[in-house]
There are 2 protein chains.
Amino acid sequence: MANSPTGDSATDRLVRILDTFTPTRTVQTATEIGRRSGLPSSTAHRIVTELVEAGLLERDEDRRVRIGMRLWELATRSSHALRLRQAAMPFMERVQSRVREHTQLAILEQDEALFLERLSSPDSGANITRVAGRLPLHASSSGLVLLAFGDVDLQERVLSSPLAPLTRATLSDPAAVRRKLAEVRAIGHAIAPGYIEEVSTGIAVPVRDETSRVVAALSVVLPRDAETDFAVVELHRAAQDIARSLGFRH
Amino acid sequence: MANSPTGDSATDRLVRILDTFTPTRTVQTATEIGRRSGLPSSTAHRIVTELVEAGLLERDEDRRVRIGMRLWELATRSSHALRLRQAAMPFMERVQSRVREHTQLAILEQDEALFLERLSSPDSGANITRVAGRLPLHASSSGLVLLAFGDVDLQERVLSSPLAPLTRATLSDPAAVRRKLAEVRAIGHAIAPGYIEEVSTGIAVPVRDETSRVVAALSVVLPRDAETDFAVVELHRAAQDIARSLGFRH
DNA sequence: GAGAAGATTCCCGTTCATCGGGAACCTCGG
DNA sequence: CCGAGGTTCCCGATGAACGGGAATCTTCTC
C-alpha cells in the first residue's frame, strides 16, 4: 500500500533523504528521516547506514544523524559558486565593514534566490538560524535584481505562479512586480522595504561577470527607516570590483 | 566482466561518481566520469542524467557536467561546520587584515586536515587552485595542532602509517613527529617552516569550543623568513574570541 | 523504577528495477 | 569528408534492493 506516487530511482530516494534536512532541522534520527521522506523505517535505516559509511552523512554519539562534512568538501568542487564566492568575499567584507547589518551574495537557482554567503556583525548572532538559505524571487531585493536582469522566460514563469506575500508590504500582484522590475532596470538596483520582514529593508545590486552578464546579486539588509543612498553606492562599487576581479581569472 | 573489485551499492557508485570531481577537475564529460569511476559508459550516462535531474550535478551548455549548486546548499545544512565557520569568520577577517597572506580554518576529517575556509589577499589570486582542500596531519601546521590535541588512537593510527614528505623539510619520521607534537602541546601552537612548500611557513593554534575541547585549528601562512611572534599572538587572540563566540549559541 | 513510546537491528522471500553490451547517431576538429 | 569520441536508445537476464515483521535496545515520563 503505502503510496509512492512518483516513480523512485535510487537517486530520487537519495535526494528525498537529503532534503529532509533543512536549515533549521540539521540533526534527526534515522526513523524521522524515514517518516519525512516517506520511506519505510527499515529501508531508511539501511540507506542512512550506507550514506554514513560513504561519509555523506555522519552519526552523532547519540546515534542521531547529520549532514557530513564530506558534502561540504564536494560542494567546494562546484566551480561556479566557488569562483564567484572567492572573488566576491574581499569586497563583501568591505561593504560589511562600512554598512554593517548583513551583507549577502545570491545567485539564481531553480527559480529562487540562493544565498551563497552571508556576513553578519558578530553581535547580531541571534538571527543566524532565522535567515533561510533561499528566498523567493519576487519578495527579496536580491531576487528582484536577479529577476529583473534574468531572461523573459524566467519572468513569465515566476509572474504566472502564485506570489506568496511574506509580510503586508511584499508585492504579491504580478502587475506590481512587473512595475518594480522596470524600476529596478531603470535605476540599476532594488530596494525592498519590509518585503521580507516588516522591520528591515533589503537593498540589492546586480553583479556582472567578465562578459557583463548578470550572474549574482549583492545585497545588504538595513533597518527599515535607515538611509539607503550610502549603501547603494557601496554596493555598486563592490559589484564593479567583483566584476573586475572575475575578469582576472582564466 | 569488467571488474568491480569492491562490492558496490547504489550509494557506493554515487560516491565514486562524485569523487571523480577534484579541486582542479571541476568539469568533465559523462564518459570521462564513467572511465574515472570504473563504470561502463552507458551506466555512467544514465546515472549522471538522474543526478542532473535531481540537481546534484549540472550540465553546461556544451553537455559537460559539473557539481550542482544544490550540493552547496545541502552542505550548508551541515550544522557543525557551518556553526564553527560562522563563528570564526569575523575573527578570521581580523587576523587576515593584520597578518596578511592566507588565513585558514581547518577541522579533523577522516584522519586529515580539512580546510573549511581560507581567506586570501585579493592580489594573491594566482594560487587559489593550487591550495588543496585537504592536507595530511603530519605535514601542515593545522594538522599538527589537530593531531597534538587529538586523541591517542588517532595519533597512533597516523604515526604508524607512511608519513609522506611534501618537501625536504617535512617531518617524515614518526619519532620526529612525536617530538614535534610534544612541543606543540607545550608551547600551545605549531610552526611548520617549509613543510608544505619550501618558501612558506605555516603557523597554527587550536580553537576550542565552549567545553574547551579542541575542535579546529586556525592558521596563517607567511613567507618562510617572516617574523612569527606577531602572528602567534593574533591567532591566539582570535581563537579565544571564537571560543567565546561559540559559547553564545544555544 | 516500572512502563510506554520510539528507535534500531536483524531476517528473509519476492520482485522488479538496475545493469551493461551493443549499435546507431550526433558532433566536432582536422 | 572522414574519424574519434561522446551520447542516446534498446532490451533481456540477473541479482540486489525492498520492506513487512519481530526482537532488542534506548530514551522519556510519571
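Protein chains get the first letters and strands the later ones, always in sequence-line order, with residue 1 at the start of each. In what follows, every heavy atom counts, from backbone to side chain, and hydrogens, waters and symmetry copies are set aside.
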For this session: Report the distance from atom CG of B:Asp12 to atom C1' of C:dT18, rounded to the nearest whole Å.
Result: 15 Å
Seminar exercise, completed: B:Gln110 meets the side chain to side chain contact (heavy atoms under 4.5 Å, CB included) criterion, sequence neighbours left out, with A:Arg70, B:Arg134
For this session: List for me each residue that meets side chain to side chain contact (heavy atoms under 4.5 Å, CB included) alongside A:Val221, sequence neighbours excluded, and say none if there are none.
Result: A:His102, A:Gln104, A:Ser200
Seminar exercise, completed: In whole angstroms, the gap separating C1' of D:dG5 from CZ of B:Arg36 amounts to 14 Å
For this session: Starting at atom CG of B:Leu57, determine the distance to atom P of D:dT7, rounded to an integer number of angstrom.
Result: 13 Å
Problem set entry | Nearest-Å distance for atom pair CD1/P, residues B:Ile33 and D:dT8 | 12 Å
Exercise. Would A:Arg244 and A:Asp241 pass as an ion pair if we require N to O under 4.0 Å?
Worked result: yes
I'd like a table of donor-acceptor pairs (distance under 3.5 Å, sequence neighbours excluded) in which one partner is a side-chain atom from residues 38-57 of chain A, with atom names and distances.
unit_1: A:His45; atom_1: NE2; unit_2: A:Thr31; atom_2: OG1; d: 3.2
unit_1: A:Thr49; atom_1: OG1; unit_2: A:His45; atom_2: O; d: 2.8
unit_1: A:Glu50; atom_1: OE1; unit_2: B:Thr11; atom_2: OG1; d: 2.5

Exercise. Separation of B:Glu50 atom CD from C:dG20 atom P, in whole Å?
Worked result: 13 Å
Exercise. Could you run down nucleotides 3-10 of chain C 5' to 3' and tag each one B, S or - for protein heavy-atom contact under 4.0 Å?
Worked result: ----SBBB
For this session: Could you check how far CG of B:Leu14 sits from P of C:dT18, rounded to whole Å?
Result: 14 Å
Problem set entry | For A:Arg35, all residues meeting salt bridge (Lys or Arg N to Asp or Glu O under 4.0 Å), sequence neighbours excluded | none
Problem set entry | Separation of atom CG in B:Asp60 from atom C1' in D:dG6, rounded to whole Å | 15 Å
Exercise. Whole-Å distance between D:dC9 P and B:Ile47 CD1?
Worked result: 17 Å
Exercise. Residues two or more places apart in sequence or in another chain: which of them pass side chain to side chain contact (heavy atoms under 4.5 Å, CB included) with B:Ser212?
Worked result: B:Arg208
